[in-house]
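Please read the structure below before turning to the comments.
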Amino acid sequence: MPLTALAPMQDVTGLAFMRIVAAYGAPDYYFTEYFRVFEGSALDADGLRAIAENDTGRPVFAQMIGEHIPSLVRTARALMAYPVAGIDLNMGCPAPKIYRRNVGGGLLRVPGHVDALLGALRDAVPGLLTVKMRVGFDSTAPFAPILELVDKHGIDLLSIHGRTVADMYRGDVRYDLIAHAARTVGCPVLANGNVTSADKAAGVLAATGAAGVMIGRHAIRNPWIFAQTRDRLAGRPVRPATRADVRGYVERLYRELGPLRGGAGDQVARIKKYLNFVGQGVDPDGAFLHAMRRTRTEAELLGVCDAFLLADPGAPVSLEAFPGVHARPNSEAPVGAAGSRGR
């Protein structure tokens, strides 16, 4: 059976969301939000909770982001004292405030530094060492040289988002390049980018020959997607969630994400970020999103959810996002401001 993984998304894929997804059918692997690494950096307490308190029954990889080699080696060794499945290096973050520092996706501009960095980490990490990357920075020119470095340093798993850093989350995903990687590198490859449903996952796997899929934003919209993908790949019928199921998911988000220090208003704002994705499958006209975004209180927000989701609770929600119903106005960035918390 091909592998599935929840893509790391900053300010989203902490312990609480890992547990929420597990309740609906966990992926095979989790990746932490990144540990920001620099000279003098310390391990993030929330990131460590996602490792030390992981009770989902699935392994979790610790992801690091940075470019200072001694600090990355130090942090990798510190993380290996915890029950991690392996150490993952972020070479794909497209946030400008990140890549300007030559970290995340910015590393793709400096293959020579990537060579030295991967070599040092390979020497320091006796277990699994993995990489998440994009197909280039502003062109795909670095892609083949970086793949050669992946093989040179014995990387154990490679996750590839099939867009460049400059593409952000827009435009076509280069599944052909992911297929090239799957054919040429010596480690398993996970295909990432616009894996929107179980059917799309099956299509991407067929097109790329990848060992599995990594799913991000569409797991926020549809946390059943990993269970649905396993059913689809096993030849079983894929059951869509009902509107009542989605209303229960909203309730679980409220309960398990927990209150914020800023109080109820901040909690409403946080839940609305998730509902920006959930709403893509509720109605084709975007009426739910329009109404939800204008709420200010918990009562108003849950009232909108009840009106749209419980009027016909047994009706299925769409397995795919409706065309033209966008997750956020003028943006398709993930939940959690890219670069918040220093990314």
Side-chain angles (χ1 to χ4, degrees), residues 1 4 6 12-13 16-27 56-58 194-204 213 215-258 267-328 332 335:
M1 178 72 71
T4 58
L6 176 64
V12 177
T13 48
F17 192 69
M18 287 164 50
R19 286 171 168 167
I20 290 168
V21 170
Y24 300 109
T56 66
R58 295 292 194 268
N194 272 15
V195 183
T196 57
S197 66
D199 278 352
K200 184 65 178 288
V204 167
V213 291
I215 304 174
R217 294 170 293 153
H218 291 281
I220 303 172
R221 175 180 61 83
N222 174 20
W224 296 269
I225 195 168
F226 299 108
Q228 291 168 346
T229 296
R230 280 192 287 274
D231 285 342
R232 172 67 173 78
L233 296 175
R236 297 187 292 264
V238 174
R239 173 189 174 272
T242 66
R243 290 174 176 256
D245 291 332
V246 174
R247 181 61 181 84
Y249 171 45
V250 174
E251 196 69 32
R252 189 182 291 269
L253 287 170
Y254 252 104
R255 182 175 68 251
E256 298 193 19
L257 291 181
Q267 178 72 341
V268 167
R270 175 164 65 172
I271 299 301
K272 286 165 70 173
K273 289 180 180 179
Y274 288 82
L275 295 187
N276 266 304
F277 291 88
V278 174
Q280 291 180 293
V282 173
D283 68 282
D285 299 322
F288 170 80
L289 286 177
H290 180 84
M292 178 274 295
R293 288 170 179 157
R294 282 152 182 78
T295 62
R296 294 291 179 269
T297 68
E298 178 178 334
E300 290 172 352
L301 181 60
L302 295 182
V304 167
C305 291
D306 290 347
F308 279 87
L309 298 173
L310 296 184
D312 188 5
V317 293
S318 177
L319 290 170
E320 294 279 1
F322 287 113
V325 180
H326 297 298
R328 302 178 72 186
E332 290 190 32
V335 173

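All values below come from the heavy atoms of this structure, side chains included, with hydrogens, waters and symmetry mates left out.
- Remark: side-chain polar atoms of Arg236 are not paired, donor with acceptor, to backbone N or O of Gln228 under 3.5 angstrom.
- With Ile20 as the partner, the side chain to side chain contact (heavy atoms under 4.5 Å, CB included) test is satisfied by one option alone out of Leu253, Thr56, Ile220: Leu253.
- A distance of 4.5 Å separates OH in Tyr274 from CG in Leu257, rounded to the nearest 0.5 Å.
- To the nearest 0.5 Å, the span separating CD1 on Ile215 from OG1 on Thr229 amounts to 4.5 Å.
- Note that CE of Met18 is 11.5 Å distant from CZ of Arg58, once rounded to the nearest 0.5 Å.
- The two residues Ala244 and Leu310 make their nearest non-hydrogen contact at CA-CD2, 4.3 Å.
- Scanning all heavy atoms of the two residues, the minimum distance from Asp245 to Thr242 falls at OD2-N, 2.9 Å.
- Considering every non-hydrogen atom in both Arg296 and Glu300, the closest pair reads N-OE1, 2.6 Å.
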Using the side-chain contact (heavy atoms from CB on, under 4.5 Å) rule, take Leu6 and Phe226 through it: C-alpha gap first, then chi angles, then the decisive distance, then the call. CA-CA 9 Å; Leu6 176 64; Phe226 299 108; 4.0 Å; yes
Worked check of salt bridge (Lys or Arg N to Asp or Glu O under 4.0 Å) between Arg252 and Glu256: CA-CA 6 Å; Arg252 189 182 291 269; Glu256 298 193 19; 3.0 Å; yes
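- Contact of the Arg293 side chain with the Asn276 side chain is registered, since non-hydrogen atoms from C-beta on lie closer than 4.5 Å.
- Nearest heavy atom pair, residue Asn194 against residue Arg217, reads OD1-NH2, 3.5 Å.
- Here the CE atom belonging to Met1 is positioned 8.0 Å from the CZ atom belonging to Arg230, to the nearest 0.5 angstrom.
- Using cut-offs of 30° and 60° for the angle between ring planes, the Tyr24 and Tyr249 rings count as perpendicular.
- Looking at Leu302 and Val250, their side chains come closer than 4.5 Å, going by heavy atoms from C-beta outward.
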Trace of the side-chain contact (heavy atoms from CB on, under 4.5 Å) decision for Leu309 with Val282: CA-CA 8 Å; Leu309 298 173; Val282 173; 4.2 Å; yes
Derivation of the side-chain contact (heavy atoms from CB on, under 4.5 Å) call for Val304 and Leu275: CA-CA 11 Å; Val304 167; Leu275 295 187; over 6 Å; no
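- A donor-acceptor pair is defined here as one N or O able to donate and one able to accept, closer than 3.5 Å; no such pair exists between the side chain of Ser318 and the backbone of Ala321.
- A distance-only check finds a donor-acceptor pair linking the side chain of Arg243 to the backbone of Phe308 [under 3.5 Å].
- Across Ile225 and Ala198, no two heavy atoms sit closer than the pair CG1-N, 4.4 Å.
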Applying side-chain contact (heavy atoms from CB on, under 4.5 Å) to Val238 and Ser197, what does each step give before you reach the verdict? CA-CA 10 Å; Val238 174; Ser197 66; over 6 Å; no
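- For the atom pair His218 NE2 and Thr196 OG1, the distance stands at 5.5 Å (nearest 0.5 Å).
- Taking the side chain as every heavy atom from C-beta outward, Leu289 and Phe277 never approach each other to under 4.5 Å.
- Remark: Asp199 pairs with Arg232 by the salt bridge (charged side-chain N to carboxylate O under 4.0 Å, His left out) rule, at least two apart or across chains.
- Contact of the Lys272 side chain with the Thr295 side chain is registered, since non-hydrogen atoms from C-beta on lie closer than 4.5 Å.
- Remark: the backbone N or O of Asp285 is paired with a side-chain donor or acceptor of Asp283 at under 3.5 angstrom.
- When all heavy atoms are compared, the tightest approach of Val21 to Pro27 is CG1-CD, 3.8 Å.
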